[in-house]
Protein chains: 2
Amino acid sequence: MPLAEPVPDLISLDLLRSVADLGSIRRAAAAHTMSQPAASMRLRSLERTLGLELLDRSSGRARLTPTGSAVVQWSEAVFTAMGTLLLGTASLRTEGRGRLRLGASLTVAEYLVPGWLEQLRTVAPDVRVSLEMGNSHQVAEWVEAGRVDVGFVEGPEDVDGLGCGVVDRDDLVLVVDPSHPWARRRRPVGARELAGTPLVMREVGSGTREVLERALAGLGLGVTPLVELGSTTAIKAAVESGHGPAILSRLAVRIDVADGRLVVVPTEDLDLERSIRAIWARGRRLGRAARTLLTGVGVALP
Amino acid sequence: MPLAEPVPDLISLDLLRSVADLGSIRRAAAAHTMSQPAASMRLRSLERTLGLELLDRSSGRARLTPTGSAVVQWSEAVFTAMGTLLLGTASLRTEGRGRLRLGASLTVAEYLVPGWLEQLRTVAPDVRVSLEMGNSHQVAEWVEAGRVDVGFVEGPEDVDGLGCGVVDRDDLVLVVDPSHPWARRRRPVGARELAGTPLVMREVGSGTREVLERALAGLGLGVTPLVELGSTTAIKAAVESGHGPAILSRLAVRIDVADGRLVVVPTEDLDLERSIRAIWARGRRLGRAARTLLTGVGVALP
DNA sequence: GAGGGGCATAAGGATACCTTATACCCTCGT
DNA sequence: ACGAGGGTATAAGGTATCCTTATGCCCCTC
């Protein structure tokens, strides 16, 4: 659902943080290269938006109220998340011109790469990273062709001819909304019961759906689509609004499960696990940044 | 430091998420109660800002590119953080008119309360919560007077006459920037060495400073201020830019340490711990929401 | 090949925002 | 007590942004 309330904009929150850091609206304005009245108006508008008194202007210099201090603190997490987004988009924008060139499947790029980049940045802040996304087959090709230095793919099988190390593990899980009868269920859902239940699914051809279909086909069963949607986000929205259960990557629902918007239901008789592997060309020598990244994500280098 | 790059605004990111959910710009526009051209222009402007192609408009309906899907995913964390901020500010705005009235010290309100509220909302979404901030003494008074239902205070001592349970633990830690010589130090810093080192500090009278001064005074030592600043945020900014070490609440530096902007240096000979306690009036009966909250944060009720 | 759904463009108008200039206020020093 | 200085709010004017309605174009489907 769309954001309901009026949302404070990040520039104003950043300005408030600068007031906390620098001790006056004037200096905060200077740090943001804007005029003092502009900063003053933005801050007043922020106070109107939130309906709170953030600054105490009674004594000459503007000082943060306790409320203002709390808002600064709470906005810190927003900046961190936005920083991650900017880090990710910057690496996508770099398009192969970085000193460390990564390739990754969509799922890995979305859920894992930003964290690794953040971690890498703390030890090597100046390394320009580029990121390209594709399916596992494409990523392997790019690694072989030397178009990327390191690739990250998911899948049960090893990639031959390439250096390889398991980084993480991802499995498909059954999720429902919290008010669904299965949300409180402790007894696992079996393959037969799952096959007989209409599910919210991706359209035919998606990797996630293929894994599920293959696992069920191994038992002589098939899937029963309830509706077919075009994106993981759309599926999550449908499940959260109570349309029905779905099978999704655990990585994709991690945040939603943590926030309580979705509930994982245990399953049995189904092998829906796959590893996430780092791959690299054996022949080429890995750069310093690549080695730092790989050891950082837990890969033992030769 | 202020945000350098141009920051995408949350409404546009939210719009992009709606496109992913609903499958077309038109429907996303309708969900946001704006005209279709307005949504189209916002999305195009978002693509310009990020320098990336987020939507594939070639086939009639607009579909997200893999890049667009990644941006949606990354922005999810931004919405979560902003939701926490809005939850916190809403409870401050409610000012005692909520069905569950909380009081908390500044530190607890800033770092812990939003998480508890989020947790509470997943099991009781409709409870209106109000939050008031003050020092530990004020909070205890409010609880006694029945102005708030539950209070959260920090400090080593019990509050008598009130129901009480330890919720969490907070201690003061020594932090430096990652390039400081102490950042790699494994041997703990002793009280004498700490007293001889100029520190970035809060001004006289702050609770954090008092705890430190009392701990050192017990050993016949005193503090050596390097500079004195007015807020925790200002101190963190000074430490991060390499001005010198500081003693800060572990809660206050949790995110910065996780992100690698600050490093905790081990200390010894110093008792800088304090508990965070929930307090409530023994005489009054606790409401359902209050009991849910307290058991949720790990307090055993009578 | 005709119809329909969906997106982009154009024109016009309202709104929000920023900058410079200036007045007010508080604090501090003598 | 009084003046100087730093800091913030207000006013006026101009610009850029953003939205809405109207309309054209394109792709897909039947």
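So you know, we letter chains A, B, ... as the sequences are listed, proteins then strands, and number each from 1.
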Mind calculating the distance between [atom1] ([X]) and [atom2] ([N]) to the nearest angstrom?
X       : N      : atom1 : atom2 : value
B/Met41 : C/dA10 : CE    : P     : 12 Å
B/Gln36 : C/dG5  : CD    : C1'   : 11 Å
A/Leu22 : D/dT8  : CG    : C1'   : 16 Å
A/Ile25 : C/dC25 : CD1   : P     : 17 Å
B/Ile11 : D/dT17 : CD1   : P     : 17 Å
A/Arg57 : D/dT10 : CZ    : P     : 9 Å
B/Arg26 : D/dC26 : CZ    : C1'   : 14 Å
A/Asp9  : D/dT17 : CG    : C1'   : 14 Å

Closest contact, heavy atoms only, A/Ala246 versus A/Ile235:
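That would be CB-CG2, 3.7 Å.
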Do you know the tightest heavy-atom contact between B/Thr232 and B/Arg202?
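Looking at all heavy atoms of both residues, the closest pair is OG1-NH1, 3.2 Å.
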Base, sugar-phosphate, or nothing for [X], non-hydrogen atoms under 4.0 angstrom?
X       : value
A/Ser45 : nothing
A/Ser40 : sugar-phosphate
A/Ser24 : sugar-phosphate

Check whether any side-chain nitrogen or oxygen of B/Arg44 sits under 4.0 Å from OP1 or OP2 of C/dA8, and answer yes or no.
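Yes.
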Phosphate OP1/OP2 of D/dC19 contacted by B/Arg42 side-chain N/O (<4.0 Å):
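Result: yes.
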Mark yes or no: A/Arg254 above the aromatic ring of A/Tyr111, with NZ or CZ under 6.0 Å from the six-membered ring centre and no more than 45 degrees from the axis.
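Checked: cation-pi criterion not met.
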What I'd like to find out is whether the side chain of B/His32 reaches to under 4.5 Å of the side chain of B/Arg42, using heavy atoms alone.
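Not touching, per the 4.5 Å side-chain cut-off.
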Exam field: side chain A/Thr65 to backbone A/Glu53, donor-acceptor pair closer than 3.5 Å
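Yes, because the side chain of A/Thr65 sits within donor-acceptor range (under 3.5 Å) of the backbone of A/Glu53.
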Side chain of B/Pro37: nearest nucleotide among D/dC19, D/dA11, D/dA22?
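Nearest to the side-chain atoms of B/Pro37, counting from C-beta on, is D/dA22.
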